[in-house]
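Report on the following structure.
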Amino acid sequence: MKKAKELKSHLSDEDMRPENIKANITIRVSGELLNAYRTEAAKLGIGYQTLMQIKLKEGLEHSLEKRLEKLEKAMKARVG
């Protein structure tokens, strides 16, 4: 318990923001997918876990619902 308090005293409010905290998780992916991420990440000069995180975030930001909303707005703008 003492270590946690000592660690917390060294962390700023900025450190504790959700976007700055990394959580360890376990996920099962196919070897083929893992190798594809490792290959692509090596080409980009970044770690494969970093690439996976980027792609996961992009997937959320460019969800099907958001893409449909954008398309609907464009269609409405053309019609009228």
Side-chain angles (χ1 to χ4, degrees):
M1 187 70 148
K2 185 177 179 181
K3 288 182 182 180
K5 286 183 181 181
E6 288 175 8
L7 179 60
K8 190 173 182 180
S9 68
H10 295 294
L11 297 174
S12 69
D13 288 342
E14 181 70 18
D15 294 328
M16 298 304 291
R17 293 178 62 165
E19 61 269 20
N20 295 329
I21 296 174
K22 303 269 180 162
N24 289 326
I25 64 167
T26 300
I27 183 173
R28 294 184 180 273
V29 297
S30 70
E32 180 181 14
L33 182 60
L34 181 58
N35 286 337
Y37 269 102
R38 285 180 170 161
T39 300
E40 188 63 24
K43 289 177 188 175
L44 297 170
I46 60 175
Y48 76 94
Q49 291 178 342
T50 300
L51 180 59
M52 288 178 132
Q53 186 170 337
I54 290 167
K55 294 297 185 181
L56 285 168
K57 188 173 182 181
E58 284 177 356
L60 289 174
E61 291 172 350
H62 303 293
S63 68
L64 181 57
E65 291 83 8
K66 288 183 180 180
R67 289 169 45 199
L68 286 172
E69 285 176 18
K70 187 176 180 180
L71 180 60
E72 287 174 350
K73 286 180 183 178
M75 295 295 286
K76 285 180 183 177
R78 282 187 179 181
V79 171

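What you see is a predicted model; the values in this text were computed from it and never measured. Values below: all heavy atoms of this structure, side chains included; hydrogens, waters and symmetry mates excluded.
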Inter- and intrachain pairs under salt bridge (charged side-chain N to carboxylate O under 4.0 Å, His left out), touching residues 46-55, at least two apart: K55-E58
Under a 4.5 Å cut-off applied to non-hydrogen side-chain atoms, are L44 and T50 in contact? no
Side-chain donor-acceptor contacts of residues 22-43 below 3.5 Å, not counting sequence neighbours, with atom names and distances?
residue : atom : partner : partner atom : Å
K22     : NZ   : Q53     : OE1          : 3.3
S30     : OG   : L33     : N            : 3.0
N35     : ND2  : G31     : O            : 3.3
T39     : OG1  : N35     : O            : 2.8

Which pairs would a plain distance check flag for residues 59-73, meaning a side-chain donor or acceptor within less than 3.5 Å of a matching protein atom at least two apart in sequence or in another chain?
residue : atom : partner : partner atom : Å
S63     : OG   : K66     : N            : 3.3

